[in-house]
Structure formats: C-alpha cells, structure tokens
Amino acid sequence: MPVLAIRVNDFGDPSVLSLEEVPDPVAGAGQTLIEVDTAGVNYGDLLVRRGEYFGRKALPVIPGWEVVGSAATPDPDGAFEAGDRVVALLDGRGYARKVAAPTRDVVPVPDGVSDKVALAMIIQGATAWRLLEDMKPDQRVLISGAGSGVTHLVVQLARLRGAAEVAVVSSGGEKSNRVLDLGADLVVRSDGDETLKERLTEGLGGRKFDLAIDMIGGETLQAMLRQLRPGGRAVIYGVAGGEPAKVNTGALLKNGLTVYGLWLGHSDGWSLREIMGRLFELVEAGQLAPTLGPAFPLARADDAHRAVEARTGVGKVVLDCREV
Ligand SMILES: NC(=O)c1ccc[n+]([C@@H]2O[C@H](COP(=O)([O-])OP(=O)(O)OC[C@H]3O[C@@H](n4cnc5c(N)ncnc54)[C@H](OP(=O)(O)O)[C@@H]3O)[C@@H](O)[C@H]2O)c1
C-alpha cells in the first residue's frame, strides 16, 4: 500500500515540497521499518530541496534524516521491542509516514522524552556531542551561529564539560540573548560597520581560544582561526554562509593549528546509540534542554522550511506526520 510522503520533483523554493503517495518502503537486511509520528526538519533539508547538498543531486528526492515513531520489529540485540517508540537517523526519505531505517541507528526513546526533544537530540545533539569529544575542562570554546540548534547544545555541553569560557559569534537579535541564557559567557556580533576580525579582536579582549567550532565558513571562519592559541583546533561542520573559507596555510604552520571537518554521516568508530544514551540521561536529569520550535502538519513542510529559512531562531522545527 502506498504511503504519504513529501517529495521534491524539481529543486527550488519551499513550494516544490509536494505531498504525494509513494511506494511502501520495504526493510532490507539490517533495517527496521518505522511507522512515523514526527519527522525532524534540519537546515541540511533546505539544501537538499534547493539541490545544493553535496552528493544529493538526484531527483525525485524525499528529504528528511530523522524520525520518531514505532518500530515494526524488535531489535536483534534487544534494544527495543516491536511497537516501542524509537528515534532514528536515516539516509534520507524521512518526511514520510513510514520509513526503513538502519537498525544500528534506531534508538529507543525514554518515556519522559518528547518527540521534539528526541528529534533535537539525534542530529543536532549527536553533532554537538561529537564536536566536543576532544574538549578538555578549562578550555576556551568559540562557536559561530547563535540561532543554531547545534550551537545551543554545544554551549550547554561545553559548560557541563567545564569550559573556562564559551563565546558565540552571532548575527544579532534575540538569538544572542538565548545563547547567553544557555550559559555562553559572551556574544560577539558579526553585523555592523567593523569587520568580524576587528569585532572579535575587540570583543574577546585579546584572549586566545583552544577550540573554534564553525558552520558558516568564509570570512567568519577566517576571523575565528585568528583567535586560536598556538596549537589550537578548529572544527568545521557546515558552510551555511555558502562560501568556503580561504585558509592561510602559512599561519596554520606557524601556529601549529589543526583544522578538520566533522560530518555525522561518517560512521567511523562511534556509536549513535551510546551517544544518544548519554544525551537522554542529561535531558532526563534536567541538565540539557534543546530550544524547541513549532510543529507543522506533514503537508505543510513548505511552511516548516520557510520558518527555518527566516533565521529568526525559532528552535527545533518538526513535521507531525499523523496530520496532513
Ligand atoms: N556536519 C554535520 O554532520 C552537521 C550536522 C548538523 C548540522 N550541520 C550543519 O550545521 C549548521 C547548523 O545546523 P543546525 O541544525 O544547528 O541549524 P539551525 O538550527 O537551522 O540553524 C541554522 C544556522 O545557520 C545559520 N545560517 C543560515 N543561513 C545562513 C547564511 N546565509 N549565512 C550565515 N549563516 C547562516 C543561522 O545563522 P543565525 O544564527 O544568524 O540565524 C543558524 O545559526 C547547518 O549548516 C547544518 O547543515 C552539519
């Protein structure tokens, strides 16, 4: 029997997100079928819809990388039973009422955790966790994107790990107050007459940072790299500004800096279930809370994308797949 899903038949603006009947997914080897209640919307879905996501150029495409729903079959390793509420990381096709998910990335959701929170924990939470994996207590962390859900979790996790200072580069507005509420020590605005380089030098009071975390690229990353101490590290996990940075390799050499990329899709030597277990523990203990945004009916995926695209800092946006 066909299932309802949101499909993109031509790349473009949010109006290309079309509610359609698609063939019923079939679970292959190592996959679990999930009856979907709620699907998460991520910034990367906007890039998929526009045809700008690297490696995702084929049409038609069903966007969406994360869902919450009930598992149709039990986990072979006993992590969940048939009918249990689970959250899953997918290789796409998440905006649908039924999906086939890689079983190793299907994680049971504790009773006290809502669908929205579970969805905020899987891509944004696991990314935030991995971005800080090598952070040591007493280190200084500089991160870009005050409106980003990942940033909101990085700020809280860095505090929990004993960061000496957490500074955020912000495009301004209410987003700056939100990261300060979550535990950031200071916000440096990227807008205004001065360059970001000047603003950072002034705003950070000459203090150098151990770790820079960037998902904007271009001049933002360049300016952040200048704030690293000798031997410091920069991790790049997005290029939301659209322009990759030109990196001064001479400065990397002179200052012994490490610059590397992190993409959650690389499953090298880490376990999503393990990370999710730690994140859910922190959520249940009241030590970690994502910023939550609105839920839209599946058929209104276009409005959901507009909400994320508006950059007003709305928090985690989800699609209610039971509603059309
Ligand atoms: N590598 C990975 O595995 C991975 C995993 C998750 C996310 N990501 C990437 O990380 C980024 C943040 O994800 P998220 O889930 O936190 O997204 P989100 O909550 O939707 O936040 C989007 C962020 O992108 C910024 N942004 C959007 N358009 C921009 C533009 N034209 N110029 C500069 N900044 C812009 C926003 O800036 P403001 O703060 O000014 O609003 C905001 O900080 C995205 O680029 C996403 O693709 C990568």
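In each ligand, atom 1 is the first atom listed, and ligand 1 is the first ligand listed. Excluded from the calculations below are hydrogen atoms, water molecules and symmetry mates; all remaining heavy atoms, backbone and side chain alike, are included.
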- [ ] Decide whether Thr291 and Arg178 meet the rule of one side-chain donor and one side-chain acceptor closer than 3.5 Å.
- [x] yes

Task: 4.0 Å heavy-atom contact, Gly242 with ligand 1 - done: no

Task: Ligand-residue contact atoms, ligand 1 with Val150, heavy atoms, under 4.0 Å - done: 14 (P), 15 (O), 16 (O)

Open item on the list: I need the single residue from Asn42, Leu90, Val87 that forms a side-chain contact (heavy atoms from CB on, under 4.5 Å) with Ile122. Which is it?
Closed with: Val87

- [ ] Decide whether an N or O pair under 3.5 Å exists between Thr151 and ligand 1.
- [x] no

Open item on the list: For ligand 1, which is the ligand I care about here, please tell me if Gly147 has any N or O atom under 3.5 Å from one of the ligand's N or O atoms.
Closed with: yes

TODO: Check whether any side-chain heavy atom of Arg199 sits under 4.5 Å from a side-chain heavy atom of Glu194, and report yes or no.
DONE: yes

TODO: Kindly assign one of parallel, tilted or perpendicular to the pair Tyr95 and His305, based on the angle between their ring planes and the thresholds 30° and 60°.
DONE: perpendicular

Open item on the list: Checking a contact table here: which protein heavy atom is nearest atom 43 (O) of ligand 1, and how many Å away?
Closed with: Met215 CE, 3.1 Å

TODO: Using a strict 4.0 Å threshold on nitrogen-to-oxygen distance, state whether Arg49 and Asp45 make a salt bridge.
DONE: no

TODO: Determine whether the side chains of Gln222 and Asn248 contain a donor N or O and an acceptor N or O closer than 3.5 Å.
DONE: no

Task: Candidate with minimal heavy-atom separation from atom 17 (O) of ligand 1, of Trp263, Tyr53, Trp65, Tyr43 - done: Tyr43

Task: Within-cut-off N or O pair, Leu47 and ligand 1, under 3.5 Å - done: no

Open item on the list: Within the 3.5 Å criterion, strictly below it, is a donor on Thr220 or Ser144 matched to an acceptor on the partner's side chain?
Closed with: no

Open item on the list: Using 0.5 Å steps for rounding, measure from the CG atom of Leu131 to the CG atom of Leu262.
Closed with: 5.0 Å

Task: Check: Ser190/Ser171 side-chain N/O donor and acceptor closer than 3.5 Å - done: no

- [ ] Flag the pair Leu186 / Glu165 as yes when at least one side-chain heavy-atom distance between them is below 4.5 Å, and no otherwise.
- [x] yes

TODO: Can you figure out which of Gln124, Lys316, Arg311 has its heavy atom closest to atom 31 (N) of ligand 1?
DONE: Arg311

TODO: Begin from the C-alpha positions of Val68 and Val36 and carry the test side-chain contact (heavy atoms from CB on, under 4.5 Å) through to its verdict.
DONE: CA-CA 6 Å; Val68 170; Val36 180; over 6 Å; no

Open item on the list: What I want to know is whether Ile216 and ligand 1 share at least one N or O pair that is separated by under 3.5 angstrom.
Closed with: no

Open item on the list: Can you confirm, on distance only, whether ligand 1 has an N/O atom lying under 3.5 Å from any N/O atom belonging to Ile123?
Closed with: no

Open item on the list: Looking only at protein heavy atoms, which one is nearest to atom 19 (O) of ligand 1, and what is the separation?
Closed with: Gly149 N, 2.8 Å

- [ ] Identify, for atom 20 (O) of ligand 1, the protein heavy atom at the shortest distance, and state residue, atom and that distance.
- [x] Val308 CG1, 3.7 Å

- [ ] List every atom of ligand 1 that sits less than 4.0 Å from any heavy atom of Ala146, numbering the atoms from 1 in the order shown and giving each element.
- [x] 39 (O)

- [ ] Return the residue, atom name and 0.1 Å-rounded distance of the protein heavy atom closest to atom 38 (P) of ligand 1.
- [x] Lys175 NZ, 3.4 Å

Task: atom 5 (C) of ligand 1: the protein heavy-atom neighbour that sits closest, reported with distance to 0.1 Å - done: Thr127 OG1, 3.2 Å

TODO: Would you mind checking which non-hydrogen protein atom is closest to atom 21 (O) of ligand 1, with the distance to 0.1 Å?
DONE: Ser148 CA, 3.3 Å

Open item on the list: Quick check on contacts: which atoms of ligand 1 are under 4.0 angstrom from a heavy atom of Gly145?
Closed with: 39 (O), 43 (O)

Task: Short N or O distance, Leu262 and ligand 1, threshold 3.5 Å exclusive - done: yes

Task: Protein residue, atom and distance nearest to atom 40 (O) of ligand 1, heavy-atom basis - done: Ser171 OG, 2.4 Å

Open item on the list: Checking a contact table here: which protein heavy atom is nearest atom 4 (C) of ligand 1, and how many Å away?
Closed with: Tyr237 O, 3.7 Å

- [ ] Could you state whether Val67 and Val113 fall into the same hydrophobic cluster, counting links through intermediate Ile, Leu, Val, Met, Phe, Trp or Tyr residues with side-chain heavy atoms under 4.5 angstrom apart?
- [x] no

Task: Closest to atom 3 (O) of ligand 1 among Leu264, Leu131, Leu46 (heavy-atom distance) - done: Leu264

Task: Met215 side chain reached by Val150 side chain, heavy atoms, under 4.5 Å - done: no

